[in-house]
Amino acid sequence: MKVSILDDYFDTLRTLDCFKKLAGHDVTIWNDHVQDVDALAERLREAEALVLIRERTQIRTQLLERLPKLRLISQRSVFPHIDIDSCTRLGIVVSSGQHADTPSYATAEFTWGLILAAMRAIPQQMAALKVGKWQIGVGHTLRGKTLGIYGYGRIGAVVAGYGKAFGMNVLVWAREPALAKARADGYATAGSKAAFFEQCDVLSLHMRLVDATRGIVKPDDLARMKPTALIVNTSRAGLIEPHALVNALRGGRPGMAAVDVYEKEPLRDVDDPLLKMDDVVATPHLGYVSRDEYEIQFTDIFDQIVAYAAGTPINVVNPDVLAHRRA
């Protein structure tokens, strides 16, 4: 099959052990990010299989209708960036493993790295040292403080465990089934959303971005946070109502933020307000970007291509397409 891979920024995939799974296929890898439909249609006009790296590129009807040879989209995890109905109508199989029992430890670890970096102002202290300043302030320790986990899923549960290991008091807020799971795991749950935001010293978001969670964090929620508190977002920018975080930080509640995700990615606007704030640690969506995590994710993605080529598609999220897929 002719396979195209988008958005491999550092040409990493061909260096992975699992890349050998694509031996015998005609593989083209694109290292830059392009969202322009005309440019993508030209790049992908011969592609029979398309590999996506998470949600970096939007795959919508206008593009799909210009890719007559495309038969398979292979990726991993959720797929809000793909027009599934159009794929089904056009006979394109979408394979995406949901890895129900395998949290992204890379993202959980990175979340904890951001918490430590923000609470101790590590990036700011490093920058000051490089220009000849010796210590620019006093940070905050974690032991004894309250770690809030908003959304107790696979990653949230792992981060909660890190908080417990650091001697923090873990407090969870989520939908009732997740709250029940958190209580069964031995964690306290908040009495209300308002109490949750008021009590946390560190509050970390761990939810998928769907219609029900878009903008779930409101200005009033942020205004309830302590002026010494930290909010961390390694999930999706859209969980927070647009402009609410910047305005809240300017108002002093919460006092700090650590952000790995943005409304528009890649973020290349150096004048973005979050990048101008001294009380923000900002990173370029690095949560899942580790060589070990890539091996895990792309083993699944490449296995899906191999299975499709063998006539036995797996992890199909639009099974109706199999009845009338393209010859």
Side-chain angles (χ1 to χ4, degrees), residues 1-9 12-14 16 18-19 21-100 102 104 208-210 236 265 285 288-289 293-327:
M1 296 181 68
K2 291 186 177 181
V3 180
S4 283
I5 301 175
L6 295 179
D7 298 305
D8 184 12
Y9 298 153
T12 303
L13 300 191
R14 69 177 77 249
L16 301 178
C18 63
F19 191 72
K21 291 176 177 288
L22 296 186
H25 294 283
D26 182 359
V27 181
T28 301
I29 299 177
W30 300 93
N31 304 129
D32 58 339
H33 173 75
V34 171
Q35 189 57 68
D36 179 76
V37 171
D38 290 337
L40 285 171
E42 175 61 25
R43 287 186 174 190
L44 303 176
R45 60 190 174 87
E46 299 296 327
E48 297 169 299
L50 175 60
V51 170
L52 301 179
I53 299 182
R54 300 302 292 265
E55 301 160 40
R56 291 178 177 177
T57 297
Q58 299 291 309
I59 307 297
R60 301 300 185 193
T61 302
Q62 187 180 5
L63 173 61
L64 291 165
E65 289 181 340
R66 296 174 63 179
L67 304 177
K69 295 185 179 181
L70 187 62
R71 292 184 285 158
L72 171 69
I73 296 175
S74 185
Q75 64 141 55
R76 195 172 190 260
S77 197
V78 294
F79 36 86
H81 53 303
I82 303 174
D83 191 320
I84 299 297
D85 290 341
S86 289
C87 287
T88 302
R89 175 173 57 83
L90 295 167
I92 301 168
V93 172
V94 180
S95 287
S96 188
Q98 298 303 301
H99 54 99
T102 55
S104 173
R208 290 180 172 178
L209 182 60
V210 296
R236 292 293 181 269
E265 297 184 7
H285 206 154
Y288 69 96
V289 182
E293 183 73 10
Y294 268 31
E295 286 283 5
I296 294 169
Q297 292 196 15
F298 285 96
T299 293
D300 287 355
I301 291 169
F302 297 156
D303 279 344
Q304 290 167 174
I305 294 175
V306 172
Y308 181 92
T312 55
I314 58 174
N315 301 326
V316 177
V317 302
N318 57 338
D320 289 347
V321 77
L322 297 178
H324 55 275
R325 62 181 178 176
R326 296 173 180 174

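Computed from a predicted model, the values in this text were never measured in an experiment.
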Let me confirm one number: the [atom1]-[atom2] distance from [X] to [Y], rounded to the nearest 0.5 Å.
X: T57; Y: D7; atom1: OG1; atom2: CG; value: 3.5 Å
X: I53; Y: Y9; atom1: CD1; atom2: OH; value: 8.0 Å
X: D36; Y: E42; atom1: CG; atom2: CD; value: 11.5 Å
X: L50; Y: L67; atom1: CG; atom2: CG; value: 8.0 Å
X: I301; Y: Y294; atom1: CD1; atom2: OH; value: 9.5 Å

Would you call the rings of F298 and F302 parallel, tilted or perpendicular, taking 30° and 60° as the class edges?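 The arrangement is tilted - the two ring planes meet at 30° to 60°.
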Could you tell me if [Y] and [X] have a donor-acceptor pair between their side chains, going purely by distance under 3.5 Å?
X: Q58; Y: R60; value: yes
X: Q75; Y: H81; value: yes
X: S74; Y: Q304; value: yes
X: D83; Y: T61; value: yes

Given the rule in the side chain to side chain contact (heavy atoms under 4.5 Å, CB included) test, do L70 and L90 qualify, once you have shown the distances and angles that lead to the verdict? CA-CA 9 Å; L70 187 62; L90 295 167; over 6 Å; no
Should the pair [X]-[Y] be classified as a salt bridge under the 4.0 Å nitrogen-to-oxygen rule?
X: E48; Y: K69; answer: no
X: R66; Y: D38; answer: yes
X: R76; Y: D300; answer: yes
X: R56; Y: E265; answer: no

Taking the side chain as C-beta and beyond, is there a heavy-atom pair between [X] and [Y] under 4.5 Å?
X: E293; Y: S104; value: yes
X: I82; Y: L52; value: yes
X: L6; Y: V34; value: no
X: V321; Y: R89; value: no
X: K2; Y: T28; value: no
X: V93; Y: L322; value: yes
X: D8; Y: W30; value: no
X: I73; Y: F79; value: no

Run the side chain to side chain contact (heavy atoms under 4.5 Å, CB included) check on I305 and V51 step by step: do they pass? CA-CA 9 Å; I305 294 175; V51 170; 3.4 Å; yes
Is the CD atom of Q62 crowded by more than 12 outside heavy atoms at less than 6.0 Å?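 No, CD of Q62 has 12 or fewer neighbouring heavy atoms, counting only those of other groups under 6.0 Å.
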Just to verify, which of S86, S96, C87 counts as forming a side-chain contact (heavy atoms from CB on, under 4.5 Å) with N318?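 Result for side-chain contact (heavy atoms from CB on, under 4.5 Å) with N318: C87.
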For V316 and V94: C-alpha separation, side-chain torsions, deciding distance, then whether side chain to side chain contact (heavy atoms under 4.5 Å, CB included) applies. CA-CA 6 Å; V316 177; V94 180; over 6 Å; no
Residues two or more places apart in sequence or in another chain: which of them pass side chain to side chain contact (heavy atoms under 4.5 Å, CB included) with V27?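 V27 satisfies side chain to side chain contact (heavy atoms under 4.5 Å, CB included) with V3, I5, F19, L22, H25, I29 once adjacent residues are dropped.
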R71 charged N/C atom sitting above Y308 aromatic ring, 6.0 Å / 45°: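 Cation-pi check for R71 and Y308: fails.
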Using modelled atom types only, decide if a donor and an acceptor are shared between the side chain of S77 and the backbone of Q98 within a distance under 3.5 Å.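 Such a contact is absent between S77 side chain and Q98 backbone.
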Where do V78 and V210 land on the side chain to side chain contact (heavy atoms under 4.5 Å, CB included) test, with the steps shown first? CA-CA 10 Å; V78 294; V210 296; over 6 Å; no
